[in-house]
Amino acid sequence: MSLPDKVEIIEVGPRDGIQNEFNFIPTEKKIELINALSKTGIKRMEAVSFVHPKYVPQMKDANEVLNGIEKSPSVQYMALIPNKKGYDRAIESGVNSLSLVVGASDSFNLKNVKMSREQSITNLATVIEKAKANDIFIRYSIATAFWCPFEGKVDADLVLKMVEEAEMLGADEIVLADTIGRANPKQVFELFQAALSLKTKSSISAHFHDTYGMALGNVMAALEAGITRFDASIGGLGGCPFAPGAAGNAATEDLVFMLHEMGIDTGIDLGQLLACIELLKPFTNRELTGHLHKVKGCQS
């Protein structure tokens, strides 16, 4: 088994996780959670998204959250944006790292941002050009890179073409996302191996959901393929408002524990990470899908 010595975890709970909560989480509690996560050793985080509050009401206080957190100079705080309007709002808030999303599936992309895949790419090309002129980091996520809730299995060649397009547009990082958690380890290994063979200057990262209980198995397959950057969400929060049936993300604490048990460094303090879950519990009505916080007396 070929494994790396170190892996980077990108925490997406404050955005991808919290956005799916039905009851509005008070702004000060979001700030408290982000501040606590910033002290765990996590170096990169999706903190908010600048989307229309009609569609994702949980993120309506994005600007207040970003202005309220204690920004650590060692942490990259990213904001997700869907379009130029989101870009303008994000820039006004002072962020220097943006996350963009395009669905490999036209059907998903139409549900998600009311545009076809090609329309989104054209729209975001202008955003990326502006962002790069202002030295802003661009994270380019290809959603439904494996399966679509409406169209079924996604053509791998299409995804690889999108990777090449993202590279040409100037993305700093390209994320292949299993948005509905339907991918299997063989499929994951083959797609990431093919993506890495393109030898892009952009780094390649992985984003898994745990709908079918295969998130950590898919992490292992991606590790074998050579991936060393993974998204995860505290407590396993997550889903997607526009992907029916999608469950939460790979739980950050479970992923960190697994990697540490295998001798792979993440730079994250597991005890502090578990303490963050206690901050979160009072503000979610659903059972957290992560396993580790349920293990009595668990320590790093």
Side-chain angles (χ1 to χ4, degrees), residues 1-13 15-16 37-38 40-46 74-78 97-101 137-143 145-146 156 159-160 162-164 166-167 170-179 181 183-210 214-234 236 238 249-270 272-273 290 292 300:
M1 184 178 285
S2 177
L3 296 172
D5 296 324
K6 188 175 179 64
V7 157
E8 181 181 22
I9 306 296
I10 298 93
E11 175 59 50
V12 298
R15 196 281 301 175
D16 197 4
L37 287 167
S38 298
T40 64
I42 287 167
K43 299 300 182 188
R44 300 174 66 207
M45 192 186 316
E46 276 195 358
S74 64
V75 178
Q76 181 189 53
Y77 300 94
M78 294 179 282
S97 304
L98 296 176
S99 180
L100 317 179
V101 180
F137 182 93
I138 293 293
R139 185 170 215 246
Y140 191 106
S141 293
I142 301 175
F146 298 89
V159 176
L160 295 173
M162 291 181 71
V163 170
E164 292 178 315
E167 165 87 345
D172 297 289
E173 178 181 19
I174 300 167
V175 186
L176 301 187
D178 181 22
T179 308
N184 65 71
K186 181 175 183 291
Q187 185 184 17
V188 165
F189 178 82
E190 290 173 352
L191 185 58
F192 277 107
Q193 189 177 56
L196 289 172
S197 74
L198 297 174
K199 299 190 183 302
T200 58
K201 291 179 183 178
S202 314
S203 60
I204 305 290
S205 302
H207 178 107
F208 297 118
H209 287 248
D210 203 32
M214 289 195 282
L216 292 185
N218 287 334
V219 167
M220 288 300 301
L223 282 169
E224 282 276 3
I227 298 299
T228 59
R229 297 174 182 85
F230 295 90
D231 289 358
S233 175
I234 188 75
N249 296 67
T252 311
E253 64 278 9
D254 291 359
L255 177 53
V256 169
F257 178 76
M258 182 183 82
L259 294 171
H260 288 185
E261 287 290 294
M262 294 191 297
I264 300 173
D265 181 31
T266 66
I268 295 172
D269 185 305
L270 186 56
Q272 286 187 304
L273 197 61
L292 201 64
S300 58

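Everything quoted here is computed from the prediction, not taken from an experiment.
- Using a 3.5 Å distance cut-off with no hydrogens or angles, the side chains of S38 and Y77 do pair a donor with an acceptor.
- More than 12 heavy-atom neighbours from other residues, nucleotides or ligands sit within 6.0 angstrom of NZ on K6.
- Checked against N249 for a side-chain hydrogen bond (donor to acceptor under 3.5 Å, both in side chains), the options D16, D231, D178 give a single hit: D16.
- The line from CZ of F257 to OG1 of T266 is 12.5 Å long, rounded to the nearest 0.5 Å.
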Which is it for E173 and R229 under the salt bridge (charged side-chain N to carboxylate O under 4.0 Å, His left out) test, yes or no, and what are the steps along the way? CA-CA 10 Å; E173 178 181 19; R229 297 174 182 85; 5.1 Å; no

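- Here the closest heavy-atom approach between residue T252 and residue A232 is recorded as OG1-C, 3.3 Å.
- The side-chain contact (heavy atoms from CB on, under 4.5 Å) check on A250 picks up A215, with sequence neighbours excluded.
- In this structure, S141 contributes its side chain and A143 its backbone to no donor-acceptor pair below 3.5 Å.
- Below 30°, between 30° and 60°, or above 60°: for F192 and F146 the angle between ring planes is between 30° and 60°, a tilted geometry.
- Shortest non-hydrogen contact noted between V188 and A183 is CG2-CB, 3.8 Å.
- Closest approach of Q187 to N184, counting heavy atoms only: N-OD1, 2.9 Å.
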Walk me through it: do E8 and R44 pass the test salt bridge (charged side-chain N to carboxylate O under 4.0 Å, His left out)? CA-CA 9 Å; E8 181 181 22; R44 300 174 66 207; 3.5 Å; yes

Apply side-chain contact (heavy atoms from CB on, under 4.5 Å) to residues K186 and E190 and explain how you reach the verdict. CA-CA 6 Å; K186 181 175 183 291; E190 290 173 352; 2.8 Å; yes

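- Results of the side chain to side chain contact (heavy atoms under 4.5 Å, CB included) test with I204 over T228, L196, L198 single out L196 as the only residue that passes.
- Summarising the geometry of I268 relative to H260, their closest heavy-atom pair is O-CE1, 3.3 Å, with the distance given to 0.1 Å.
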